[in-house]
Amino acid sequence: MHEYDVVIVGGGLVGGALACALAPTGLRIALVEAVAPETMRQPSYDERVIALSLGSQRILQGIGLWPRIAAEAEPIRRIHVSDRGHCGFTRLDHAELGVEALGQVAPARVMGHAIRTRLATLDTLTTLCPARLCNHRLEGDRVTLDLHCQGRDLQLGTRLLVAADGGDSAIRARLGLGTRGHAYGQDAIITTVTADHASPGTAYERFTESGPLALLPMTEGRYSVVWTCREDETAELLALSDADFIALLQARFGHRLGRLERPSARQAYPLRLALTREPVQQRVVLIGNAAHTLHPVAGQGFNLGLRDVAALAEVLAEPAGRADPGDPETLAAYRRWRGGDQLVTGLVTDLLARVFVNPLRPVLGLRAAAMLGIDLLPGARQRVARRFMGLEGTQPRLACGLPLRTSHV
């Protein structure tokens with residue numbers, strides 16, 4: 001039996017970021033990951049990127065990761081939101097908010113490498129990879145985990161188990177936790193294009209009859225495309241030739257960026273909303289996609305997970321959290337802190353996903369008026385921007401770009 005204070009199951013971006021965030025606390029941490037990480041690959045034309053809010057950038061700064069990411073990130077200084085075929089639009093600008101950028105677009109490759117490099121330096125961390133969690137059970141004041149790691153069986157004991165094992169969380173299923181939500185009947189098609197009149201620093205979200213279409217700025221005039229389509233359209237869109245796909249994309253998006261070209265290979269992902277009803281259990285916490293899976297409209301999924309990381313690290317850095325990370329009062333404090341943000345963000349993204357595919361004429365008129373109203377009213381515009389920048393509500397120190405208060409540990 002190997003004893004730890006915290007065991008994190010899931011070594012992806014959210015689980016890895018939590019391990020980095022907890023490093024200053026002095027807690028004994030184990031990170032369990034089923035898939036061996038890839039080496040630092042050379043950048044590719046179509047590499048996967050993640051839209052980071054300003055709040056997420058500050059969290060990464062507080063953890064000490066941002067300097068390793070910044071050089072290959074593209075700032076989002078302006079956001080243009082429009083409704084195809086209708087008059088509604090909204091524009092957000094960093095200058096009005098008094099910030100250098102509203103967010104950043106960063107390659108997942110670079111973020112993963114920054115996290116792995118930091119993890120390799122931590123004396124208080126044990127990484128088990130590849131390792132599979134076979135079972136876990138609550139035994140008094142600890143959780144016992146049965147693992148299969150590199151051909152042998154291991155048993156771990158921990159005072160807190162953190163599930164960061166994704167949208168199909170095995171820990172959530174083993175606990176029998178229900179979720180609220182539904183499938184959208186939509187897929188997200190992901191690709192990369194180049195624009196011959198690129199607008200550096202500007203992100204676009206265009207609502208179409210089948211769902212939102214986002215173009216996120218990347219380096220070298222590239223844009224990451226997230227095209228939401230109906231499930232019955234997916235196979236046809238994937239089968240199109242590059243020329244036909246670009247022509248259809250251009251017709252949906254318009255010519256704000258001039259001619260779009262060089263589409264990369266396309267991938268499709270089914271979309272759903274799933275909010276875990278009770279993501280905090282006795283000595284178990286679910287974070288990231290294990291706790292909430294969102295529609296990609298407004299790009300809030302990963303950012304919501306990083307706010308989980310910041311809040312959990314904050315409560316565990318307190319004296320009571322360091323004494324017993326799984327203490328009920330400590331976990332209750334985390335739940336009070338995160339419950340509202342998780343629910344509100346999930347419901348807001350769900351509302352946007354539903355309203356902007358509704359073809360009813362009264363709905364069309366109301367959403368056009370709402371978008372124009374936000375564009376014309378500075379107060380409303382700034383409130384919307386702060387919500388999606390992750391700056392609403394009480395902020396953990398990490399969400400302000402500050403390290404945890406653990407210098408006395």
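This one's a predicted model, so the numbers in the text were calculated from it and none came from an experiment.
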Are the side chain of D165 and the backbone of A170 linked by a donor-acceptor contact shorter than 3.5 Å?
-> yes

Interatomic spacing from CZ in F207 to CG in L352 - rounded to 0.5 Å | 5.5 Å

Could you check whether the rings of Y184 and H295 sit parallel, tilted or perpendicular, using 30° and 60° as the cut-offs?
-> perpendicular

Search all heavy atoms of T293 against all heavy atoms of G167 and return the closest pair with its distance.
-> OG1-CA, 3.7 Å

Taking atom types as modelled, is there a side-chain donor on S210 or R252 under 3.5 Å from an acceptor on the other?
-> yes

Under 3.5 Å, side chain of Q300 to main-chain N/O of L304, donor-acceptor pair present?
-> no

Mark yes or no for whether E318, through its side chain, and V315, through its backbone, hold a donor-acceptor pair below 3.5 Å.
-> no

Are the side chains of N135 and R174 in touch, meaning some heavy atoms are under 4.5 Å apart?
-> yes

Please report the closest heavy-atom contact between T349 and V297, naming both atoms and the distance.
-> O-CG1, 3.4 Å

Close side-chain approach of Y334 to D308, heavy-atom, < 4.5 Å = yes

Check whether any side-chain heavy atom of L102 sits under 4.5 Å from a side-chain heavy atom of I79, and report yes or no.
-> yes

Test item: R266 and V225 side chains (from C-beta on) under 4.5 Å apart, heavy atoms | no

Quick one: does T208's side chain have a donor or acceptor within less than 3.5 Å of a partner on G211's backbone?
-> yes

Within 6.0 angstrom of Q282 CD, more than 12 heavy atoms from elsewhere | no

In terms of heavy-atom contacts, S199 and L257 come closest through N-CD2, 3.7 Å

Does the side-chain hydrogen bond (donor to acceptor under 3.5 Å, both in side chains) test come out yes or no for R335 and Q342, once each step is laid out?
-> CA-CA 10 Å; R335 181 57 176 150; Q342 291 174 350; 3.3 Å; yes

Would you say the side chains of R222 and T192 form a donor-acceptor pair under 3.5 Å?
-> no

Does any N or O in the side chain of T276 come within less than 3.5 Å of the main-chain N or O of P279, such that one atom is a donor and the other an acceptor?
-> no

Min side-chain heavy-atom separation L273-H292 under 4.5 Å = no

Is the backbone N or O of G258 less than 3.5 Å from a side-chain atom of Q250, with the two atoms forming a donor-acceptor pair by type?
-> yes

Side-chain donor/acceptor of H94 to backbone N/O of E100, under 3.5 Å | yes

Is there side-chain contact between L249 and L260, with heavy atoms separated by less than 4.5 Å?
-> yes

Verify the distance criterion only: is there a donor paired with an acceptor across the side chains of R137 and T144 at less than 3.5 Å?
-> no

Kindly check if the number of other-residue, nucleotide or ligand heavy atoms within 6.0 Å of CD (E236) is above 12?
-> no

Side chain of D5, backbone of L27: donor and acceptor closer than 3.5 Å?
-> no

Which value, rounded to the nearest 0.5 Å, describes the distance between L175 atom CG and E278 atom CD?
-> 12.0 Å

Taking all non-hydrogen atoms of both residues, which atom of A101 and which atom of L54 are closest, and how far apart?
-> O-CD1, 3.9 Å

Derivation and outcome, side chain to side chain contact (heavy atoms under 4.5 Å, CB included), residues L213 and L215 | CA-CA 7 Å; L213 169 64; L215 272 72; 4.1 Å; yes

Is there a side-chain contact between L125 and L119 (heavy atoms, below 4.5 Å)?
-> yes

What about the rings of W227 and F245, do their centers lie closer together than 6.0 Å?
-> yes

Give a yes or no on whether the backbone of G299 and the side-chain of N303 come within a donor-acceptor separation of less than 3.5 Å.
-> yes

Nearest heavy-atom neighbours spanning L398 and A313 | CD1-CB, 3.9 Å

Is it true that atom NE2 of H148 has more than 12 heavy atoms of other residues, nucleotides or ligands lying nearer than 6.0 Å?
-> yes

Give me the one residue out of V9, L161, L160 that meets side chain to side chain contact (heavy atoms under 4.5 Å, CB included) with V284.
-> L161

Salt-bridge criterion met for R77 and D93 (N-O under 4.0 Å) = no

State whether the number of non-hydrogen atoms from other residues, nucleotides or ligands found under 6.0 Å of R259 atom CZ is greater than 12.
-> no

Charged N to carboxylate O under 4.0 angstrom, D168 versus R272?
-> yes

Return yes if some donor-acceptor pair links the side-chain N/O of S169 with the main-chain N/O of G166 below 3.5 Å, else return no.
-> no

Heavy-atom check, side chain of R91 versus side chain of R78, under 4.5 Å = no

Should I8 and E33 be marked as a side chain to side chain contact (heavy atoms under 4.5 Å, CB included) after you check the CA-CA gap, both sets of side-chain angles, and the distance that decides it?
-> CA-CA 9 Å; I8 304 166; E33 170 55 37; over 6 Å; no

More than 12 non-hydrogen atoms from neighbouring residues, nucleotides or ligands closer than 6.0 Å to CZ on R152, yes or no?
-> no

Could you tell me the separation between the CG atom of L391 and the CZ atom of R307, rounded to the nearest 0.5 Å?
-> 9.0 Å

Nearest 0.5 Å, what's the CG-CG distance between L286 and L177?
-> 6.0 Å

Mind running side chain to side chain contact (heavy atoms under 4.5 Å, CB included) on L65 and C20 for me, showing each step along the way?
-> CA-CA 9 Å; L65 296 174; C20 293; 4.2 Å; yes

In Å and rounded to the nearest 0.5 Å, what is the CG to CG distance from L22 to L316?
-> 5.5 Å

Hey, are R262 and D242 close enough for a salt bridge, meaning a charged N less than 4.0 Å from a carboxylate O?
-> no

Taking all heavy atoms of A21 and all of L404, pick out the closest pair and write down the distance.
-> O-CD1, 3.4 Å

Just do the side-chain hydrogen bond (donor to acceptor under 3.5 Å, both in side chains) check on T191 and S264 with the steps written out, would you?
-> CA-CA 6 Å; T191 187; S264 68; 3.1 Å; yes

Roughly how far apart are I69 CD1 and L60 CG, rounded to 0.5 Å?
-> 5.0 Å

After noting the C-alpha distance and the side-chain angles of N289 and L294, does the key distance pass the side chain to side chain contact (heavy atoms under 4.5 Å, CB included) rule?
-> CA-CA 8 Å; N289 283 349; L294 308 182; over 6 Å; no

What class does the angle between the rings of Y204 and F253 fall in, given that below 30° is parallel, 30 to 60° is tilted and above 60° is perpendicular?
-> perpendicular

Is it true that atom CZ of R48 has more than 12 heavy atoms of other residues, nucleotides or ligands lying nearer than 6.0 Å?
-> no

Salt-bridged, R109 to E72, with N to O below 4.0 Å?
-> yes

Is it true that Y4 and H2 have ring centroids separated by less than 6.0 Å?
-> no

